[in-house]
2 protein chains.
Amino acid sequence: MKPDNKIKVLLTDDHKLIREGIEAMLSNTPDIEVIGSVGSGEDAVNYVREKRPDVVLMDIVMGGMSGIEATRWIKDLDPSIKILLVTMEISKEYVSAGIKSGVDGYLPKDIDKKMLVDAIKQVSRGERYFNEAIMKLVFEEFYTHEKLKSPINKLPNDLTKREFEILGLVASGKTNKELAEMLFISIKTVETHKTHILEKLNLKNTNELIKYAIKHKIISIDSL
Amino acid sequence: MKPDNKIKVLLTDDHKLIREGIEAMLSNTPDIEVIGSVGSGEDAVNYVREKRPDVVLMDIVMGGMSGIEATRWIKDLDPSIKILLVTMEISKEYVSAGIKSGVDGYLPKDIDKKMLVDAIKQVSRGERYFNEAIMKLVFEEFYTHEKLKSPINKLPNDLTKREFEILGLVASGKTNKELAEMLFISIKTVETHKTHILEKLNLKNTNELIKYAIKHKIISIDSL
DNA sequence: AAATATATCAGGGTATACCCCGAGGCCTCT
DNA sequence: AGAGGCCTCGGGGTATACCCTGATATATTT
């Protein structure tokens, strides 16, 4: 972008009043120019097909095509076009769906001029614009989602304390000898424990034990 | 929790020094009592089996079972026990894995006393403790993950076709003898291939080979 | 008091994995 | 024709894992 070129912005909102409000807000900024203003997602996509704005301010809730859907289309046409979603309230579904469709930022509708200008400049530079509230929301969703989808690991609870302890260490790659040394017991004892573990878990050897341990998340793949 | 009962805390870290440091930090707090201090994930799980702490402070990186895995096991035993992960540096993988395993909070190791006490009290009330940096990190991961789904699992190695074939079979649990029989080659040849594989992948033995294979999706966990 | 579970260890054995060395046949590329 | 990579195989060795049979001590349970 040449320094004398303003950032070309397209406004999309089915409320004319809001479009005009935003346009007024941006009217006196030196680096930003509103080059268009449309009232539907379809129009936004068509507009982008002909003229190429740098940034699209997109309302989420509109009659017809939603802002999310329009975003998908526009990003498919030209991923370099930056899209800022604008929304009344921050909702989980919209944030997640918006991210999936490839938006570059999220704005509340009650934004002030400075934030708006900052956001537009930021995404036009290729950065993203998400405020704390959004990130917190994403975190919450991520947290509950990740937690719920974690499978319940059946525990081989007929193992004794010592056996359990050894199970973890064997799975992490320790040899019998190493175990004997680090636990201050003889190799024979380690072998006995291991034999019992293999019996109880119905396994054949250390190799199967490792696979068992990974499958049942006794050790994690990340730690490998 | 009765008001006259202190919050019972278990410390888990394989560095005794750090355990003692944290214990000293918590020694003069009226509402918190350190009831135990162990040096491994296995010990933590076993300890929790007998005594029931309210909160477990858990190091992530430990010899043997990781703090993440220990968390999973403890949460499976008793989800009401709150777990705070403690880590040197904040890493994407750990945060994500930690959340999946059900942790209630995340602490950096260079925490001061006030933050530590706050975090413990907060999770013991059933709230979560994650700071801004963590949430931002999760957001970043969520964003890139949702946007770019690039599950290209390439194998950055110079294994030959034959070696690769054998890698898969070894990982699936075949012994050298079995391989020799099913491939109609001698055990010596199998050994040679395996030696080359171990060299090229910088591994030590079959155990590590299995872990490597699982990590790199050469064999799937489901097939175990 | 007796039975059971747990943790410890030993002898003596076999099977397997892993190591170091060398080597011949086959292919492709230069 | 030579060089190099790949696949094949061997001798001979050590280390480790695994198996079988027992044994002792301690603690818990019945």
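We name chains A, B, ... by the order of the sequence lines, and we start the count at 1 in each one. Basis for what follows: all heavy atoms, side chains included, without hydrogens, waters or symmetry-related copies.
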**Student:** Measure from CD on Glu163(B) to P on dT8(D) and round the result to the nearest Å.
**Tutor:** 10 Å
**Student:** With a 4.5 Å cut-off on side-chain heavy atoms, are Ile35(A) and Tyr47(A) touching?
**Tutor:**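 Tyr47(A) reaches Ile35(A) side chain to side chain.
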**Student:** Nearest-Å distance, CD (Glu199(A)) to C1' (dC19(D))?
**Tutor:**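 Those two atoms, CD and C1', are 11 Å apart.
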**Student:** Under 4.0 Å, heavy atoms only, any strand: does Thr192(A) hit a base, just the sugar-phosphate, or nothing?
**Tutor:** base
**Student:** Return the minimal non-hydrogen interatomic distance between Asp104(A) and Val123(A), and the atom names on each side.
**Tutor:**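 In terms of heavy atoms, the two residues are closest at O-CG1, 3.6 Å.
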**Student:** Could you tell me whether the side chain of Leu84(A) reaches within less than 4.5 Å of the side chain of Gln122(A), counting heavy atoms only?
**Tutor:**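 A side-chain contact under 4.5 Å is absent here.
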**Student:** For the base of dC19(D), is there a side-chain donor-acceptor partner from Thr195(A) under 3.5 Å away?
**Tutor:** no
**Student:** Between P on dC18(D) and CG on Leu179(A), what's the gap in Å once rounded to a whole number?
**Tutor:** 12 Å
**Student:** State which residues pass salt bridge (charged side-chain N to carboxylate O under 4.0 Å, His left out) with Lys16(B); sequence neighbours excluded, sorted by chain then number.
**Tutor:**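 Partners of Lys16(B) by the salt bridge (charged side-chain N to carboxylate O under 4.0 Å, His left out) criterion, ordered by chain and then number, come out as Glu20(B).
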**Student:** At a heavy-atom distance below 4.0 Å, which nucleotide of DNA chain C is the first touched by chain A, and which is the last?
**Tutor:**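 The footprint of chain A covers dT6(C) to dG12(C).
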**Student:** Once you round it to whole Å, what is the distance between C1' of dC19(D) and CD1 of Ile187(A)?
**Tutor:** 16 Å
**Student:** What is the distance, rounded to the nearest whole Å, between atom CZ of Arg162(A) and atom P of dT26(D)?
**Tutor:** 17 Å
**Student:** Report yes if the side chains of Ile74(B) and Met58(B) come closer than 4.5 Å at any heavy-atom pair, otherwise no.
**Tutor:**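 Answer yes - side chains close enough.
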**Student:** By nearest heavy atom, map Ile166(A) and Thr175(B) onto DNA chain C; which one lands nearer the 5' end?
**Tutor:**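 Its nucleotide being nearer the 5' end, the pick is Ile166(A).
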**Student:** NA contact type, Ser186(A), heavy-atom cut-off 4.0 Å: base, sugar-phosphate, or nothing?
**Tutor:**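 It contacts sugar-phosphate atoms only.
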